[in-house]
Peer 1: 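Provided herewith is a single structure, encoded as structure tokens, for subsequent inquiry.
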Amino acid sequence: MFTTLWASKKIQKEPQHKEGELYKVVTTFGKTFELRYGYYGECDRRYEPDVIYPDFLKEPVYTEEGMPLVTMMQDACEKYIGKNEKTPDTSCADCQYFQRGEEWFGVCTCQKNKKPFN
């Protein structure tokens, strides 16, 4: 009976946001980013589009001082130092080198990750 009731109440509704739609423009650490709605993978298309953040591992971006930008949800690197032991789920936000910026952006302050200037 519950299944029948659930099926009758289940309504396919339009997504609140469309893929490619602008979420917001963020300026942090001297860099500006357009955040748009989209999908991280094909399997995500079953759900609402999510805000897509830059992949700084694939396309690094640095501050004027040469420090790499990171996102809070980015996997921690091998230079991670935190309160807890590093696991596969440990993110940059858990690291003592992480300095938070706007939204989910931050910068890694580890000198070993600093971009060398030529």
Side-chain angles (χ1 to χ4, degrees):
M1 176 165 153
F2 180 73
T3 307
T4 307
L5 179 62
W6 175 255
S8 67
K9 297 280 184 186
K10 196 174 180 182
I11 299 171
Q12 186 72 21
K13 59 182 185 177
E14 289 292 316
Q16 290 181 345
H17 303 286
K18 302 220 182 296
E19 186 175 14
E21 183 179 294
L22 182 65
Y23 167 65
K24 71 169 36 175
V25 176
V26 176
T27 300
T28 189
F29 299 104
K31 305 293 179 184
T32 301
F33 303 93
E34 280 190 0
L35 301 179
R36 297 190 174 273
Y37 289 98
Y39 302 95
Y40 283 102
E42 282 303 311
C43 62
D44 295 336
R45 293 190 176 278
R46 299 177 288 192
Y47 309 104
E48 288 276 324
D50 202 2
V51 178
I52 302 297
Y53 286 82
D55 184 342
F56 293 129
L57 294 177
K58 286 184 181 175
E59 295 180 34
V61 175
Y62 296 88
T63 65
E64 293 299 319
E65 297 79 25
M67 304 312 292
L69 269 74
V70 296
T71 60
M72 289 179 69
M73 59 280 217
Q74 186 172 314
D75 292 339
C77 73
E78 66 277 354
K79 294 163 185 82
Y80 167 82
I81 297 177
K83 293 179 184 172
N84 301 315
E85 187 176 330
K86 184 179 174 189
T87 69
D89 295 329
T90 304
S91 68
C92 284
D94 301 320
C95 183
Q96 76 174 18
Y97 294 120
F98 179 81
Q99 180 185 340
R100 184 155 187 194
E102 298 296 318
E103 282 289 312
W104 287 72
F105 290 98
V107 68
C108 176
T109 62
C110 178
Q111 291 299 311
K112 293 178 182 174
N113 285 335
K114 187 174 182 177
K115 178 181 178 181
F117 287 102
N118 296 331

Peer 1: Between F56 and F33, is a ring-ring contact (aromatic ring centres under 6.0 Å, His included) present by the stated rule, with each step listed?
Peer 2: CA-CA 12 Å; F56 293 129; F33 303 93; 5.7 Å; yes
Peer 1: How would you list, by chain and number, every residue that makes a side chain to side chain contact (heavy atoms under 4.5 Å, CB included) with P68, sequence neighbours excluded?
Peer 2: Y62, C108, N113
Peer 1: Taking all non-hydrogen atoms of both residues into account, name the closest pair between T28 and F105 and its distance.
Peer 2: CG2-CB, 3.7 Å
Peer 1: Which residues pass the ring-ring contact (aromatic ring centres under 6.0 Å, His included) test with Y23, sequence neighbours left out?
Peer 2: Y37
Peer 1: May I have the list of side-chain donor-acceptor pairs in residues 94-101 shorter than 3.5 Å, sequence neighbours left out?
Peer 2:
from : atom 1 : to   : atom 2 : distance (Å)
D94  : OD2    : S91  : N      : 3.1
D94  : OD2    : S91  : OG     : 3.4
R100 : NE     : E103 : O      : 3.4
R100 : NH2    : E103 : O      : 3.0

Peer 1: A side-chain contact here means heavy atoms from C-beta on lying under 4.5 Å apart; do V26 and L35 qualify?
Peer 2: yes
Peer 1: Using the rule that two of Ile, Leu, Val, Met, Phe, Trp, Tyr join whenever any of their side-chain heavy atoms come within less than 4.5 Å, decide whether L57 and M73 are in one cluster.
Peer 2: no
Peer 1: Check side-chain hydrogen bond (donor to acceptor under 3.5 Å, both in side chains) between T71 and all other residues, then give those that pass, not counting sequence neighbours.
Peer 2: none
Peer 1: Taking side-chain hydrogen bond (donor to acceptor under 3.5 Å, both in side chains) as the test, write out the residues that go with E102, two or more places apart.
Peer 2: none
Peer 1: With sequence neighbours excluded, what pairs up with K31 under the salt bridge (Lys or Arg N to Asp or Glu O under 4.0 Å) test?
Peer 2: E64
Peer 1: Could you tell me the separation between the CD atom of E65 and the CZ atom of F29, rounded to the nearest 0.5 Å?
Peer 2: 10.0 Å
Peer 1: If you look only at pairs with a residue in residues 70-90, which of them pass as a salt bridge (Lys or Arg N to Asp or Glu O under 4.0 Å), with sequence neighbours excluded?
Peer 2: none
Peer 1: Output all residues satisfying salt bridge (Lys or Arg N to Asp or Glu O under 4.0 Å) with E34, sequence neighbours left out; order by chain, then residue number.
Peer 2: R36
Peer 1: Which heavy atom in V107 sits nearest to a heavy atom in T63, and how many Å separate them?
Peer 2: CG2-CG2, 3.7 Å
Peer 1: Only counting residues at least two apart or in another chain, list the ones meeting salt bridge (Lys or Arg N to Asp or Glu O under 4.0 Å) with E19.
Peer 2: R45
Peer 1: Among all residues two or more places apart in sequence or in another chain, which pass the side chain to side chain contact (heavy atoms under 4.5 Å, CB included) test with K58?
Peer 2: D55
Peer 1: Who are the side-chain hydrogen bond (donor to acceptor under 3.5 Å, both in side chains) partners of T109, not counting sequence neighbours?
Peer 2: none
Peer 1: For Q111, check side chain to side chain contact (heavy atoms under 4.5 Å, CB included) against everything at least two apart and list the hits.
Peer 2: M67, K114
Peer 1: Taking a hydrophobic cluster as the set of Ile, Leu, Val, Met, Phe, Trp and Tyr residues connected by side-chain heavy atoms closer than 4.5 Å, whether directly or through intermediates, do V70 and I52 fall within one such cluster?
Peer 2: yes
Peer 1: Find the distance between OG1 (T90) and OH (Y80) and round it off to the nearest 0.5 Å.
Peer 2: 5.0 Å
